[in-house]
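We count ligands from 1, going down the list as the structure has it; atoms in each ligand are counted the same way. Keep in mind that this is a model prediction, so the values were computed, not measured.
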Amino acid sequence: MAQGITAEYLLNGHFIENGENLIFYGGVGTGKTYLSTLIGLNAIQKLEKRIKFYTVTGLVNSLLDAHEKGSLSRVFKQIEKLDLLILDEIGYIPLHKQGAELLFQVISMCYERKSMIVTTNLQFGQWNHVFGDPILTEAVIDRLIHHSHLIVFNGESYRYKESLLHNK
Ligand SMILES: Nc1ncnc2c1ncn2[C@@H]1O[C@H](COP(=O)(O)OP(=O)(O)OP(=O)(O)O)[C@@H](O)[C@H]1O
Ligand SMILES: [Mg+2]
């Protein structure tokens, strides 16, 4: 993974032009969703990029639903049109087998063809708990980390800090 990335590089969407992924790793309330949303909004407004923001569970539920209705290829076509796919929250909720496989298909489809931002509270070593299968997990991680930047969110939860301010 590349090092030494600047805020300007992220916020002005250069990683999208360069076909790179961002992995936001950190504890609860540290700003992963906030920054991914900000980058997504910038990409739409300033760069006129096509982006979509999903929570992982939201996307997996849509994929499962589409699979049941026989409209999976339509969902895949919509994803194919994007420049940037944001997948928020890998880690909080384990996926069922079919959901994990469908998510893998989306990640494979995006691999080397569009940028992804993935947010997670789990180290890669624990992703197995989400995907449920070590080979699938390895294949997912391998695709995501190729051409990617890992950004670690340290510090206390913004939510926690805010609640302390209100309680003063
Ligand atoms: N840089 C920032 N400046 C001001 N407020 C922020 C900043 N980053 C995050 N926040 C606020 O802090 C709260 C928590 O941020 P966020 O939801 O992005 O955390 P998270 O890392 O996604 O947490 P979780 O893992 O629980 O989903 C939100 O209300 C958000 O608006
Ligand atoms: Mg979040």
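The closest heavy-atom contact to atom 1 (N) of ligand 1, among the options Phe24, Phe153, Tyr158, Tyr160, comes from Tyr158. Nearest to atom 26 (O) of ligand 1 by heavy-atom distance, out of Lys161, Arg159, Glu162, is Arg159.
A donor-acceptor pair under 3.5 Å is formed between the side chain of Asn21 and the backbone N or O of Met116. Side-chain atoms of Ser108 never come within 3.5 Å of backbone atoms of Gln105 as a donor-acceptor pair (strictly under, hydrogens ignored). When atom types are taken as modelled, the side chain of Lys114 and the backbone of Asp83 share no donor-acceptor pair closer than 3.5 angstrom.
At a threshold of 4.5 Å between non-hydrogen side-chain atoms, the residues Val28 and Tyr158 do not count as touching. For the pair Ile5 and Ile151, the minimum side-chain heavy-atom distance is below 4.5 Å. At a threshold of 4.5 Å between non-hydrogen side-chain atoms, the residues Phe24 and Thr33 do not count as touching.
Residue contact annotation: Thr30 has a non-hydrogen atom under 4.0 Å from ligand 1.
Under the salt bridge (charged side-chain N to carboxylate O under 4.0 Å, His left out) criterion, Asp88 pairs with no residue at all, not counting sequence neighbours.
Within the 4.0 angstrom cut-off, atom 29 (O) of ligand 1 has no protein heavy-atom neighbours. Using a 4.0 Å threshold on non-hydrogen atoms, atom 6 (C) of ligand 1 counts as touching the protein.
Paired with Leu95 under the rule side chain to side chain contact (heavy atoms under 4.5 Å, CB included), one option of Leu136, Val60, Leu102 passes, and it is Val60.
In terms of protein heavy atoms, atom 22 (O) of ligand 1 is closest to Thr33 OG1, 2.7 Å. If you check which protein heavy atom lies closest to atom 21 (O) of ligand 1, you get Lys32 NZ, 2.7 Å. In terms of protein heavy-atom proximity, atom 31 (O) of ligand 1 is closest to Tyr34 CD1, 3.3 Å.
When heavy-atom distances to ligand 1 are checked against a 4.0 Å cut-off, Glu89 comes that close only through its side chain, counted from C-beta outward.
Taking a cut-off of 2.8 Å, the protein N, O or S atoms nearer than that to the Mg ion (ligand 2) are Thr33 OG1.
For ligand 1, one of its N or O atoms has an N or O atom of Gly29 under 3.5 Å away. Between Gly31 and ligand 1, at least one N/O pair is under 3.5 Å apart.
The shortest non-hydrogen separation linking His129 to Pro94 is O-CB, 3.5 Å. Residue Trp127 comes nearest to Leu122 through the heavy atom pair NE1-O, 3.1 Å, listed as atom of the first residue, atom of the second, then distance.
A ring-centre distance under 6.0 Å is not found for Phe153 and Tyr25. Taking the centre of each ring, Phe15 and His149 stay at or above the 6.0 Å mark.
Ligand-side atoms of ligand 1 in range of Tyr92: 24 (P), 25 (O), 26 (O), range being under 4.0 angstrom from any heavy atom.
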